[in-house]
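To find a chain, count down the sequence lines: A is the first, B the second, and so on, and within it residues start at 1.
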Number of protein chains: 2
Amino acid sequence: MQDFTRSAGGSAPLLEAALRQFAAVGFDGASLQRIADEAGMSKSSVLYHFGSKESLLDAALRPAVDDLRPLLAALGGIADEGSQRAFLERFVDYLYEHRLAVAVLINHGQALAGHAVIDEADALVRDLSTRLTPAGSHDRDTVRFGVALAGAAFVLVAADRWSAAPLPPVEVRAVLVDVLGELVLAQPAPSA
Amino acid sequence: MQDFTRSAGGSAPLLEAALRQFAAVGFDGASLQRIADEAGMSKSSVLYHFGSKESLLDAALRPAVDDLRPLLAALGGIADEGSQRAFLERFVDYLYEHRLAVAVLINHGQALAGHAVIDEADALVRDLSTRLTPAGSHDRDTVRFGVALAGAAFVLVAADRWSAAPLPPVEVRAVLVDVLGELVLAQPAPSA
DNA sequence: TGAAGTCCTGCACGATCGGTCAGCCTACTG
DNA sequence: CAGTAGGCTGACCGATCGTGCAGGACTTCA
């Protein structure tokens with residue numbers, strides 16, 4: 001029995017091209033032809049490596065999903081403010097490293113529900129959400145979490161879409177750490 | 001000379017179906033056939049009303065773009081904290097009313113650059129961005145604006161994607177007003 | 001009654017979609 | 001040298017894409 005979906009050999013540029021396309025125009029909107037062109041190979045080669053478009057999506061998102069798991073594990077015992085900030089920095093770095101995959105999950109995830117990778121990732125994010133807004137959390141915390149995650153995901157992909165000059169990634173990272181801290185940690189008691 | 005693109009007659013459900021599809025799977029991913037099915041008509045009827053897929057996108061996004069202009073005008077003289085909050089409430093209401101169109105602009109705008117409506121909307125958002133982060137604004141403010149806008153847009157479309165129970169829109173609105181205020185108005189001086 | 005106009009549809013088109021398959025080329029193994 | 005396995009490709013398939021077009025159903029007006 002040969003392996004059903006050939007594991008990625010020298011197909012890294014293919015995965016990057018696929019991620020770019022999926023993030024830009026969505027899974028349905030992306031075509032294997034364009035992905036192949038962008039990676040400098042033929043459409044047949046793409047299907048040779050991954051067997052199907054859905055397998056390509058799985059392979060492209062897999063690293064982001066797998067890297068999210070240890071992050072959740074590290075969230076176990078966080079009490080003092082120092083370890084909170086350390087976790088935030090690690091989380092922002094994760095979002096940056098996998099920004100294209102995260103953008104696909106956030107922006108196109110709802111339309112892709114049912115695909116194995118998407119459901120898996122959604123479960124992890126749901127877990128992250130309930131961990132960051134624990135106990136008898138208010139809807140307020142859930143909304144703030146959503147704004148933080150989707151906002152960060154957007155900025156990391158289109159940081160300077162409406163700015164005059166490109167934004168330096170280092171500064172974006174610092175600001176995001178601050179903003180996420182404000183949004184999901186140590187919120188001041190609501191006025192009401 | 002007959003009108004080139006017939007103006008929308010009783011085609012409101014068509015525009016709603018189109019917006020839903022565009023927001024869900026993007027412009028390229030959405031098919032006229034599915035939009036037509038969802039609106040209960042034939043694909044030919046869609047093209048009868050709007051002439052082309054691109055014209056349909058234009059018609060679907062037009063109200064959101066047009067309603068954004070008076071909002072920008074109202075941003076002219078805002079000084080005291082009261083009018084700031086009033087503007088924020090009006091802005092959140094705008095985002096909610098046009099949440100599907102806003103989602104299309106935020107999530108798929110980059111891929112749709114070149115289309116007239118998109119460029120027009122982008123110019124308006126750029127204007128909004130520079131007005132809210134005025135004078136010698138830091139990159140910091142631009143990032144915070146991006147997080148606020150994209151985060152709000154996401155929550156208004158997928159508020160309860162990772163929450164156990166659906167979130168009441170009234171409460172989402174209140175929280176968003178608070179959050180947007182924290183992110184784009186009266187930011188405390190950065191620690192550095 | 002018939003001409004005109006509006007709304008809608010089925011059919012047909014070329015292009016492109018995801019996917020299958022036979023076969024070419026290179027490299028390694030005996 | 002022959003054999004074989006892996007990487008890659010073009011030709012091709014049926015389905016679906018956006019679009020053009022002719023015409024049917026219904027209303028309005030002369």
Would one find a side-chain N or O of B/H49 under 4.0 angstrom from OP1 or OP2 of C/dC8? yes

Can B/R99 be said to sit on top of B/Y96's aromatic six-ring, NZ or CZ under 6.0 Å from centre and within 45° of the ring axis? yes

Here's a test of your reading of the structure: between B/S45 and A/Q33, which maps to the more 5' nucleotide of DNA chain C? B/S45

B/L57 atom CG is separated from D/dT19 atom P, nearest whole Å, by 12 Å

Side chain to side chain contact (heavy atoms under 4.5 Å, CB included), paired with A/R144, selected from B/L176, B/V175, B/V155: B/V175

Figure out the CG/P separation between B/D37 and D/dT16, and round it to whole Å. 12 Å

I want to confirm an ordering. Mapping B/K43 and B/G40 to their closest nucleotides on DNA chain C, which one lands closer to the 5' end? B/G40

Using whole Å, what does the distance between atom C1' of nucleotide C/dG19 and atom CG of A/L56 come to? 14 Å

d(CG, A/D28; P, D/dG18) in whole Å: 12 Å

Using the side-chain heavy atoms of B/S42, tell me which of these nucleotides is nearest: C/dT9, C/dG18, D/dT19. C/dT9

Validation row, ring centre B/H108 to ring centre A/H108 under 6.0 Å: yes

Using a 4.0 Å heavy-atom cut-off across all strands, classify A/A36 as base, sugar-phosphate, or nothing. nothing

A/S44 side chain: which of D/dT19, D/dG20, D/dT9 is closest? D/dT9

What is the distance, to the nearest angstrom, from the NZ atom on A/K53 to the C1' atom on C/dG18? 8 Å

Classify A/S31 by what it touches in the nucleic acid, base, sugar-phosphate, or nothing, heavy-atom distance under 4.0 Å. sugar-phosphate

B/L183 vs B/F145, test: side chain to side chain contact (heavy atoms under 4.5 Å, CB included). Steps then yes/no. CA-CA 7 Å; B/L183 285 176; B/F145 173 79; over 6 Å; no

Over how many whole Å does the gap from B/L47 atom CG to C/dC11 atom P extend? 17 Å

Looking at A/N107 and B/N107, would you say the former's side chain and the latter's main chain have a donor-acceptor pair under 3.5 Å? no

Among the nucleotides C/dT9, D/dG7, C/dG18, whichever has the atom closest to the side chain of B/Y48 is C/dT9

Check the distance between C/dG18's C1' and A/F50's CZ and give it to me in whole angstrom. 16 Å

A/M41 CE to D/dG6 P, straight-line distance once rounded to whole Å: 16 Å

